[in-house]
Amino acid sequence: MAKLVGGLAVSHVPAIGRAIADHKQQDAYWKPFFDGFGPAHDWLAKVRPEVVVVLYNDHGLNFFLDKMPTFSVGAAAQYSNADEGWGLPVRHPFKGDPDLSWHVIEHLVEEEFDLVTCQELLVDHAFCIPMELFWPNGDMPPAVPICFNTVQHPLPSALRSYKLGQALGRAIESWPEDKRVAVIATGGLSHQLDGERAGFINKEFDLLCLDRLVNDPKALTGYTTRELVALSGSQGVEVLMWIAMSAALTGRRRHIHSHYHIPISNTAAALLVIENEAVPSPA
Amino acid sequence: MAKLVGGLAVSHVPAIGRAIADHKQQDAYWKPFFDGFGPAHDWLAKVRPEVVVVLYNDHGLNFFLDKMPTFSVGAAAQYSNADEGWGLPVRHPFKGDPDLSWHVIEHLVEEEFDLVTCQELLVDHAFCIPMELFWPNGDMPPAVPICFNTVQHPLPSALRSYKLGQALGRAIESWPEDKRVAVIATGGLSHQLDGERAGFINKEFDLLCLDRLVNDPKALTGYTTRELVALSGSQGVEVLMWIAMSAALTGRRRHIHSHYHIPISNTAAALLVIENEAVPSPA
Amino acid sequence: MTRSAPAPIPGTTVFDGAEAQKGYALNRMCFSFNDAANRAAFVVDEAAYCDRYGLTPEQRAAVASRNVLQLIAAGGNIYYLAKLAGILGLNVQDLGAQQTGMSVEAFKAKLQASAQG
Amino acid sequence: MTRSAPAPIPGTTVFDGAEAQKGYALNRMCFSFNDAANRAAFVVDEAAYCDRYGLTPEQRAAVASRNVLQLIAAGGNIYYLAKLAGILGLNVQDLGAQQTGMSVEAFKAKLQASAQG
Ligand SMILES: [Fe+3]
Ligand SMILES: [Fe+3]
């Protein structure tokens with residue numbers, strides 16, 4: 001049986017991708033952000049995930065408003081990045097794991113999630129940058145991308161995202177392959193790009209979220225989507241993926257690392273690592 | 001508030017579309033099928049729905065396996081038909097009702113259905129033929145199409161389809177517009193186009209379904225998808241939409257009409273009309 | 001496949017993830033036949049058209065054979081295969097007859113007989 | 001809109017069904033800018049490109065103005081507008097400065113100040 005070794009979450013600000021491409025990790029602006037990754041890299045070296053499930057959101061590369069899905073699951077052997085229109089270098093394709101994809105799809109549909117199954121899926125910066133942040137040498141494991149709608153309201157609620165995470169955890173732990181799996185969430189924390197409130201950042205709420213994500217993720221399901229927009233910014237709703245990631249870790253949890261830095265571009269950037277040790281079920 | 005006046009269900013065999021186009025309604029082969037529609041037309045003339053929600057399945061016109069959704073809801077002002085590849089005449093576009101669409105979308109996402117919202121949607125014979133059967137003069141009301149995945153397993157289960165129907169009923173009855181709404185399901189009943197079992201029809205199971213759809217739709221949620229395939233044929237799973245239609249009618253129900261005829265093309269063709277009278281909620 | 005296989009349904013292929021993966025190229029080609037220009041291109045040069053969609057050897061052989069059971073075995077889904085059948089001038093009763101090894105008349109009689117079932 | 005309107009969030013447009021309908025043509029045009037050839041076509045003849053996507057007069061005026069708040073008022077969604085901003089050489093901090101009526105330096109200082117919040 002597969003082992004869910006833990007979860008990671010990290011911001012996916014496009015500017016990070018440009019900084020990586022330009023090797024600016026040690027520049028004054030970037031150093032405080034990139035220096036936060038040591039404990040995450042150490043933990044990854046220890047637990048060595050062989051597959052990852054990546055919870056991210058599309059920013060208008062793959063999906064348009066003609067057909068906007070709530071939750072889409074990749075089921076491809078390979079995922080390509082592509083031109084997003086504003087100059088980020090296009091990444092090499094990423095390897096998929098169709099067997100885990102279909103296992104997750106079967107399991108989640110059985111638990112009454114109404115998925116879109118994607119045998120072709122373009123992944124944008126929100127998928128690519130976190131993969132490069134966690135595996136800067138390019139040796140990332142195969143991935144199963146799960147895309148959340150954060151573009152067009154109604155979004156999936158915090159509670160629905162939490163439940164998806166829980167079901168995903170159960171799906172992973174019931175995968176018959178004897179492999180180590182990690183869940184990665186990308187996006188957030190507080191930021192808002194649009195409107196008179198552009199530049200909105202809410203440190204107090206972010207720190208509360210980081211605490212709850214470690215200790216009591218269920219508490220975050222009390223917020224409505226509009227409350228999340230108000231507290232976290234229009235794009236801060238990307239915290240939905242962080243909630244789902246934390247919810248997936250249903251075993252004995254151990255907080256490995258948190259890092260928080262304001263600002264990266266217009267965003268409060270954060271990093272979170274939680275280890276998960278499966279608790280043998282009583283049956 | 002809107003009034004949910006009732007539900008209709010009918011088969012959507014492509015050959016019916018050709019028979020309509022060729023005015024063959026009185027030919028010996030077609031007469032027993034088309035003659036069943038009198039009571040449905042009479043009932044529609046009585047209740048005069050001003051909007052309809054159409055539960056149907058796409059047969060490879062709009063959706064492909066690259067991105068296969070479980071439930072998609074149309075949110076367009078107009079829905080076009082198009083060439084499906086095997087010679088059916090292309091229908092005129094159908095009028096949508098974006099206000100009801102978005103109301104349904106808001107309501108269903110709040111009830112934790114993970115929809116795909118479609119501001120563009122091509123509707124195939126499974127949408128068009130029932131509209132022409134129920135409104136042969138072309139005076140059909142605006143529609144909100146809801147497309148079910150019956151192509152690629154895992155399909156939504158009978159229970160999930162039932163729950164979607166229930167939530168749809170609540171959505172319609174909470175629509176603030178003072179309009180009469182009907183729900184239409186299309187597809188089925190038993191048939192199988194593919195495999196050594198092609199031509200499979202199960203009259204006994206169909207008649208049981210027709211009874212349960214009128215009197216106890218919940219009973220049908222006990223079947224797994226595979227059981228439905230075994231009992232009803234690979235394409236007989238289209239009964240999922242019928243289950244959802246019946247589930248939507250949560251008021252005082254009155255059976256208006258059933259009609260069953262074997263065969264139309266490879267299919268056991270059926271027609272069902274159930275009236276619904278809203279029961280005032282105690283609050 | 002790593003999930004426990006459910007009991008098979010005789011004469012029936014459940015089009016699940018395994019089939020959807022296996023049949024992807026074939027079904028993608030058939031999906032393209034919604035467009036009349038693509039149907040015409042297939043008719044003009046079938047082999048080149050199969051190449052363009054990257055069909056597997058098994059799928060190419062199945063297309064060449066016009067054998068529906070073989071097309072299904074190669075991962076074909078009936079909803080998409082129906083568009084290929086349209087090009088070949090076959091309706092669903094022709095397909096049913098071919099798959100069951102009956103004449104079209106016998107197949108139609110079998111359907112009719114279900115009314116007594 | 002027939003649903004009861006929730007309390008507004010100051011300085012924030014929630015991109016819901018009403019916005020998604022209103023902004024459809026504009027966002028569709030911006031979505032097309034994922035393709036470099038389309039970006040080039042827009043640059044060559046902006047008016048013709050807006051015509052091709054059927055922009056409303058309000059949307060055309062908003063595009064001509066380069067004013068982000070006006071583009072949002074016309075139904076633009078920031079994820080798609082970002083692709084138009086890319087053509088115009090504006091990054092998200094330029095957009096933030098413009099929308100808040102600050103200089104880019106002042107906007108950056110405001111972001112930095114949030115670290116003390
Ligand atoms: Fe983002
Ligand atoms: Fe059908």
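Of all the listed residues (Gly101(D), Ala85(D), Ala82(D), Gly96(D)), the one sharing the greatest number of non-hydrogen pairs under 4.5 Å with chain A is Ala82(D). With chain A as partner, the option from Gln112(D), Arg28(D), Gln93(D) having the largest number of non-hydrogen pairs under 4.5 angstrom is Gln93(D). Your options are Leu193(A), Asn202(A), Ile201(A), Val151(A), and the one with the most heavy-atom pairs under 4.5 Å with chain D is Val151(A). Most heavy-atom pairs under 4.5 Å with chain D, from the set Ala15(A), Gly199(A), Ser190(A), Gly233(A): that is Gly199(A). Your options are Met68(A), Arg226(A), Gln192(A), Gln235(A), and the one with the most heavy-atom pairs under 4.5 Å with chain D is Arg226(A). The most heavy-atom pairs under 4.5 Å with chain A, out of Val92(D), Leu95(D), Asn77(D), come from Val92(D).
In this structure, chain D has heavy atoms under 4.5 Å from both the backbone and the side chain of Asp66(A). Only the side chain of Phe107(D) comes within contact range of chain A, judged by heavy atoms closer than 4.5 Å. Asn34(D) touches chain A through backbone and side chain together, each having a heavy atom under 4.5 Å away. For Ser265(A), the parts lying under 4.5 angstrom from a heavy atom of chain D are both the backbone and the side chain. Contacts of Phe63(A) with chain D are made by backbone atoms alone, with heavy-atom separations under 4.5 Å and no side-chain atom involved. Both the backbone and the side chain of Thr150(A) come within contact range of chain D, each with at least one heavy atom under 4.5 Å from a heavy atom of that chain. At a 4.5 Å heavy-atom cutoff, Val68(D) makes no contact with chain A through either its backbone or its side chain. For Asn57(A), the part lying under 4.5 angstrom from a heavy atom of chain D is the side chain only. In this structure, no portion of Ala73(D) lies under 4.5 Å from any heavy atom of chain A. Residue Leu111(D) touches chain A through both its backbone and its side chain, counting heavy-atom pairs closer than 4.5 Å.
Shown here for Leu65(A) and Gln152(A), the closest heavy-atom pair between the two residues is CD2-OE1, 3.5 Å. Taking each heavy atom of Ala143(A) and Pro145(A) in turn, the nearest pair found is O-CD, 3.8 Å.
Under the 6.0 Å distance and 45° angle rule, Arg197(A) counts as a cation-pi partner of Phe200(A).
A salt bridge does not link Arg18(A) with Glu132(A): none of the charged nitrogens is closer than 4.0 Å to a carboxylate oxygen. A salt bridge links Arg39(D) with Asp83(A): at least one charged nitrogen is closer than 4.0 Å to a carboxylate oxygen.
Asp16(D) places no side-chain N or O within 3.5 Å of a backbone atom of His153(A) that could act as its donor or acceptor partner. In this structure a side-chain-to-backbone donor-acceptor pair under 3.5 Å is missing from His191(A) to Asn266(A). Side-chain atoms of Gln70(D) never come within 3.5 Å of backbone atoms of Ala64(D) as a donor-acceptor pair (strictly under, hydrogens ignored).
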Discussion item. Run the side chain to side chain contact (heavy atoms under 4.5 Å, CB included) test on Leu189(A) and Thr267(A) for me, step by step, so that the C-alpha distance in whole Å, both residues' side-chain angles and the decisive distance to 0.1 Å come before the verdict.
Written reply: CA-CA 7 Å; Leu189(A) 291 177; Thr267(A) 301; over 6 Å; no
Item to complete: Apply side chain to side chain contact (heavy atoms under 4.5 Å, CB included) to the pair Tyr49(D) and Ser32(D), showing each step before the final yes or no.
Response: CA-CA 11 Å; Tyr49(D) 202 86; Ser32(D) 80; 2.6 Å; yes
